[in-house]
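Some notes on the structure that comes next.
The first residue in the sequence is number 1, and the count goes up from there. Please read these numbers as outputs of a predicted model, since none were measured by experiment.
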Amino acid sequence: TYCATCHSDRAKAGGLSLAGFNAMRAQEQPEVVEKIIRKLRAGMMPPAGAKRPDAATIDALTVALESRMD
């Protein structure tokens, strides 16, 4: 909903496609997940002006990804 439009196989914003990304298997792509976590924590993603979830949803996603990585 919030990431796939820009981070698709076609658009690859920032050189990143999340088309095949599975959050339940995040530990299999540690470099990608660490980048996602950093960008979310810094408030850089979704970018200004783009549709974005509320802060609680972003925090929940970040916590879930961090838990998977731990």
Side-chain angles (χ1 to χ4, degrees):
T1 300
Y2 302 102
C3 307
T5 302
C6 297
H7 295 290
S8 65
D9 281 340
R10 183 174 175 201
K12 279 192 177 178
L16 177 64
S17 172
L18 296 174
F21 182 74
N22 181 343
M24 298 304 293
R25 298 171 70 174
Q27 68 278 4
E28 295 176 6
Q29 295 181 305
E31 299 85 14
V32 171
V33 175
E34 292 296 333
K35 185 176 184 178
I36 292 169
I37 291 168
R38 281 194 309 273
K39 298 286 185 172
L40 289 172
R41 285 279 180 220
M44 297 172 70
M45 290 293 137
K51 182 178 174 185
R52 59 187 306 134
D54 60 46
T57 301
I58 292 173
D59 187 57
L61 172 60
T62 307
V63 168
L65 289 173
E66 289 170 336
S67 295
R68 280 271 172 215
M69 295 308 295
D70 291 342

Open item on the list: Salt bridge or not between Glu66 and Arg41? Use side-chain N to carboxylate O under 4.0 Å.
Closed with: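 A salt bridge links Glu66 with Arg41.
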Taking C-beta and beyond as the side chain, do [X] and [Y] meet within less than 4.5 Å on heavy atoms?
X: Pro47; Y: Cys6; result: no
X: Met69; Y: Pro30; result: yes
X: Met45; Y: His7; result: yes

Kindly give the heavy-atom pair with the smallest separation between [X] and [Y], and that separation in Å.
X: Met24; Y: Gln27; value: O-OE1, 3.8 Å
X: Phe21; Y: Gln29; value: CD1-OE1, 3.0 Å
X: Thr5; Y: Ala11; value: O-CB, 3.8 Å
X: Thr1; Y: Lys51; value: CG2-NZ, 4.2 Å
X: Pro46; Y: Tyr2; value: CG-CB, 4.1 Å

TODO: Take Leu61 and Asp59, measure what side chain to side chain contact (heavy atoms under 4.5 Å, CB included) needs, and give me the verdict at the end.
DONE: CA-CA 5 Å; Leu61 172 60; Asp59 187 57; over 6 Å; no
Open item on the list: Nearest 0.5 Å, please: how far is CZ in Arg52 from CG in Leu40?
Closed with: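 Result: 8.5 Å between the selected atoms.
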Open item on the list: Could you check whether any side-chain N or O of Thr62 sits under 3.5 Å from a backbone N or O of Ile58, counting only pairs where one atom can act as donor and the other as acceptor?
Closed with: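 Between the backbone of Ile58 and the side chain of Thr62 there is a qualifying donor-acceptor contact (under 3.5 Å).
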